[in-house]
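Computed from heavy atoms alone, side chains included, the values below leave out hydrogens, waters and symmetry copies.
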Amino acid sequence: MPTVVAQPVAVFGCRPRVGGGVCFVEDQVVLHAAGTGCLRLHLEQKWQKFIPGTEKSRGVRALAVSPSRQYLAVSETVAEKPVLTVYELSSEPVRRRRTLFAAELPAREAVSLAFSPDCRFLAAATAPPEGHLTYWFWEKQRLMAAVRVEAPCTGVCQVSFSPQDNTQVCITGNGFFKLFKYSGGTLKQVNLEKREPQNYLCHVWLSEEELICGTDTGKLILFETGELRWETSLEYKTPPRDAEDATIKACESSSDVSSELVSEDPNPQQDSLPRISAIAAYSKGFACASSPGVVLLFEKTKEKEVYKERQEIWLPRDLFSSRPKKSGKQDIIHICFSPSEETVVVNTDKNQLYMFTMLSTDLLKEKAAYFVYLNFPLHSTSITGLDICIWKPIIATCSLDRSVHIWNYKMNTVELYKEYQEEAYTISLHPSGLFCLVGFSDKLQFISLLYEDMHVLKEFAVRQCRECSFSNGGHLFAAVNGNVIQIYSSITFENVNNLKGHSGKIHAVKWSADDAKVVSCDTHGAVYEWNLSKGRKDSECVLESCAYSSIALSSDAKIIFAVGSDQTLKEISESSIQHEVPAFGVLYTAVAVSRSGHMVFVGTSLGTIRAMKYPLPLTGDFNEYQAHAGAVTKMSMTNDDLFLLTASEDGSIFIWKVFDKRHGILKQLKEFDYAEEVLIMRSDMKEKNQAMLDLHIRVKNLQAKYDYELHFKDIHYNEKIKELEEHFTQEIGSLKSKHQNLTVTRNSSRKMRNMRI
């Protein structure tokens, strides 16, 4: 019985092109597709909970949350067959409630799902040209009706229920807009109005009778009970900062970055072709994405123009990107509002998630507003490099999306993020966590990880550097240059050794714990053990029929674990294969081993993770976990054996908490305190110090100014008080004199009256 257990505690990634790709489960809990499953994350508390997909799943294709927020429907492909699964979100952990399938349906996965208003029925649509609409009583696992949706060509397809009617279903796509009514066991089309075919990219119900659609030509078309009521065409929107950017480009036209920015605009004539790629309803109207990087808010009016644009919300710039316009060019593919409508979340075709806090339009002085990252920027394509360090709880990753990320796996945040002009193939972290190596097509860069940036300290002419690795002591590093492993000093940057002997493409380089040996593998089936003091091979194990992809070493470097194209995990020692564990029909692509030697983990071409005990089992005695939607590219374990880190071709990163039931969770003899030190450039320090000095002087000047003004006001008010005192003293004296005169007059009058009597 397998005793090694892994549990996902954090996932960094978002699966692209998923129907209904992001939605709210609660007011502060967002759900989106990630890897082969779905991820729930809390916007304030930042906790994450992963819902794994069905065994052997290829990944989520569409999802939908019921109006009650109690159920989640997911469309997947499992073992070449489409599967619909309904989960109960209210249970903890989330449990699978029903699995739907029908033998008479075509073998195509649903690309759009929708729950009925009372949550009892589920509508599912497959994409044209073999499009089908199915209507399920999901609780009873019963297919109530199915209809073929004729369409001349392929494209985006969306299905939805009327918000008040369980029997009315709408489906739109390229060349069709159809309303169906369920009655008597069949779905009957009800909208009979003939219209010119449009490519409907999205739609949403605004009320029981009103439904609005968006097209690929920028048209918004409002239907009421299936008949056209209102239509408008939107213009292509450009960011409000484009005028400023044009000025900056003109000033920097001689720089490499600016010229590359201009050349990277693939199709400038598209500026006149808006596309309504996403749409969502809220109480005041609806929101739609009409151009790359922008969401427009429309509110209902009592005028002839039924809905009027009130607000533009733009995607933000990438702060650390050398291409600041990249984020603004993303297509927004899904929009959703929180139940309270206080927050709107969008996801894009670059796998990014953004959020915006809604405010009353009366309070907004500017017409344009800006999204912020839901958490942080994510990878959008295959991850090619992953590494950890000893001093800090950080992970470094690089990707074919030309970005490098530094993640904190304790805080589940991104500490640094930077984009480059070319693809990054490999990355390695220095044990201190203060430096890293990044390999590109024509160079290897030694980079300082600063407080807010990444600074290139040294550049090496290493061509097609696909693998690099710091030694455990950090004083050396290895870089693959063609078929040669070059060893450099991290102190002097001298090339101290060249290890020659590989004939195939080198896929992995690992250091022994004492840094006395280096082990490498290649695509021609060679695993070599190199003695650095002698600069030659100590041992070798060659199996020409296997192209190795990954290796891992035991803590004493006496055992090598290797995986490759022959679908086995090999245990190599003393220049020979001692043991093999079959992969049972899949390809092993990555391997990692714990420092304790009790746990071995392998990643597969299907994106699953297998956890094994050591000594290796003779049969399939392992735990397998659904994780990534693409092949696992890199794996690594933290120094304390508490966490396993995996990366994949789908751009996702999983952090697993692992332990061996036989030995329990590893208990450290002493709690390890991670380093808090950071690097900062002297010039940055000078700038910050100068800025602080300037601010200090400014504060002093302001304080002196305010003190003078206060003193002047004191003098002014004291003089005013004196004037008032003198004025009122005079008035008092005058009144006293008047009072005395009146008293004398009264007394005289009284005497005269007494004398008369």
Side-chain angles (χ1 to χ4, degrees), residues 256 322 384-392 394-398 402-406 415-416 418 420-502 506-520 528 530-536 675 677-685:
D256 295 336
S322 55
T384 54
L386 177 149
D387 198 20
I388 60 170
C389 71
I390 299 173
W391 286 18
K392 294 184 176 184
I394 59 174
I395 317 165
T397 58
C398 63
R402 304 181 179 183
S403 71
V404 170
H405 288 60
I406 306 296
E415 292 199 351
L416 285 174
K418 190 159 187 175
Y420 293 87
Q421 300 294 340
E422 52 193 313
E423 296 173 345
Y425 296 129
T426 181
I427 194 166
S428 180
L429 268 177
H430 191 271
S432 66
L434 299 175
F435 308 97
C436 74
L437 294 166
V438 180
F440 299 95
S441 59
D442 61 343
K443 58 183 173 288
L444 174 71
Q445 290 185 343
F446 193 105
I447 296 174
S448 298
L449 301 179
L450 306 180
Y451 178 56
E452 292 180 334
D453 200 3
M454 301 181 190
H455 173 70
V456 178
L457 189 62
K458 181 73 174 177
E459 195 167 278
F460 302 88
V462 180
R463 302 287 178 180
Q464 295 294 327
C465 184
R466 302 285 175 150
E467 286 295 324
C468 64
S469 178
F470 274 108
S471 64
N472 292 296
H475 60 296
L476 299 172
F477 64 87
V480 173
N481 191 345
N483 296 333
V484 179
I485 303 172
Q486 296 182 327
I487 308 297
Y488 289 86
S489 167
S490 302
I491 312 301
T492 63
F493 299 129
E494 292 180 12
N495 182 196
V496 298
N497 215 331
N498 290 316
L499 308 178
K500 301 177 181 179
H502 281 286
I506 301 171
H507 270 180
V509 176
K510 301 292 181 182
W511 293 80
S512 63
D514 60 2
D515 294 333
K517 295 189 293 186
V518 168
V519 180
S520 58
Y528 294 151
W530 305 87
N531 186 314
L532 289 185
S533 61
K534 298 177 181 178
R536 59 178 175 78
E677 292 80 8
V678 295
L679 295 178
I680 187 165
M681 297 283 289
R682 187 184 296 274
S683 57
D684 291 341
M685 278 294 293

[X] side chain to [Y] main-chain N or O, any donor-acceptor pair under 3.5 Å?
X	Y	result
H455	S448	no
S432	W391	no
R402	Y420	no

About how many Å separate [atom2] of [Y] and [atom1] of [X], when rounded to the nearest 0.5 Å?
X	Y	atom1	atom2	answer
L457	L449	CG	CG	11.0 Å
L444	E467	CG	CD	11.5 Å
S471	D514	OG	CG	10.5 Å
L476	L532	CG	CG	7.0 Å
H475	H430	NE2	NE2	9.5 Å
Q486	F477	CD	CZ	9.5 Å

Please lay out, stage by stage, how L450 and L416 fare under the test side-chain contact (heavy atoms from CB on, under 4.5 Å). CA-CA 9 Å; L450 306 180; L416 285 174; 5.9 Å; no
Y451, OH atom: more than 12 neighbouring heavy atoms under 6.0 Å: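 No, because the 6.0 Å sphere around OH of Y451 holds 12 heavy atoms or fewer from other groups.
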Qualifying residues under side-chain contact (heavy atoms from CB on, under 4.5 Å), relative to [X], sequence neighbours excluded:
X	answer
C389	K392, I394, L429
H405	P377, H379, T397, S403, W407, V414, Y417
I680	D684, M685, K688

Salt bridge (charged side-chain N to carboxylate O under 4.0 Å, His left out) with E423: which residues, sequence neighbours excluded?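 Listed in chain order: nothing, the list is empty.
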Taking all heavy atoms of [X] and all of [Y], pick out the closest pair and write down the distance.
X	Y	value
F470	P431	CB-CD, 4.4 Å
A396	I406	CB-CD1, 3.7 Å
G474	S490	O-OG, 3.0 Å
E677	L434	O-CD2, 3.8 Å
A424	V438	CB-CG1, 3.9 Å
F446	F435	CE2-CD2, 3.7 Å

Compare all side-chain heavy atoms of S469 with those of W511 and state whether any distance is below 4.5 angstrom.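 With C-beta onward as the side chain, the pair touches.
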Answer whether the closest heavy-atom distance between the side chains of L437 and Y488 falls below 4.5 Å.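 SC-SC contact between L437 and Y488 ruled out.
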According to salt bridge (charged side-chain N to carboxylate O under 4.0 Å, His left out), does anything in residues 482-499 pair up with another residue at least two apart or in another chain? List the pairs.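 Listed once each, the pairs would be none.
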Which residue pairs satisfy the salt bridge (charged side-chain N to carboxylate O under 4.0 Å, His left out) criterion with at least one member in residues 437-446, sequence neighbours excluded?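 Listed once each, the pairs are E422-K443.
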Among residues at least two apart in sequence or on other chains, which ones pass side chain to side chain donor-acceptor pair (under 3.5 Å) with [X]?
X	answer
N472	D515
K517	E529
D387	S428
N498	N495

List the atom pairs, with distances to 0.1 Å, where a side-chain N or O of residues 458-465 and a protein N or O form a donor-acceptor pair under 3.5 Å, not counting sequence neighbours.
from, atom 1, to, atom 2, distance (Å)
E459, OE1, Q445, NE2, 2.9
Q464, OE1, R466, NE, 3.4
Q464, OE1, R466, NH2, 3.0

Between S520 and H502, is any side-chain donor less than 3.5 angstrom from a side-chain acceptor?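 The answer is yes; a qualifying pair exists.
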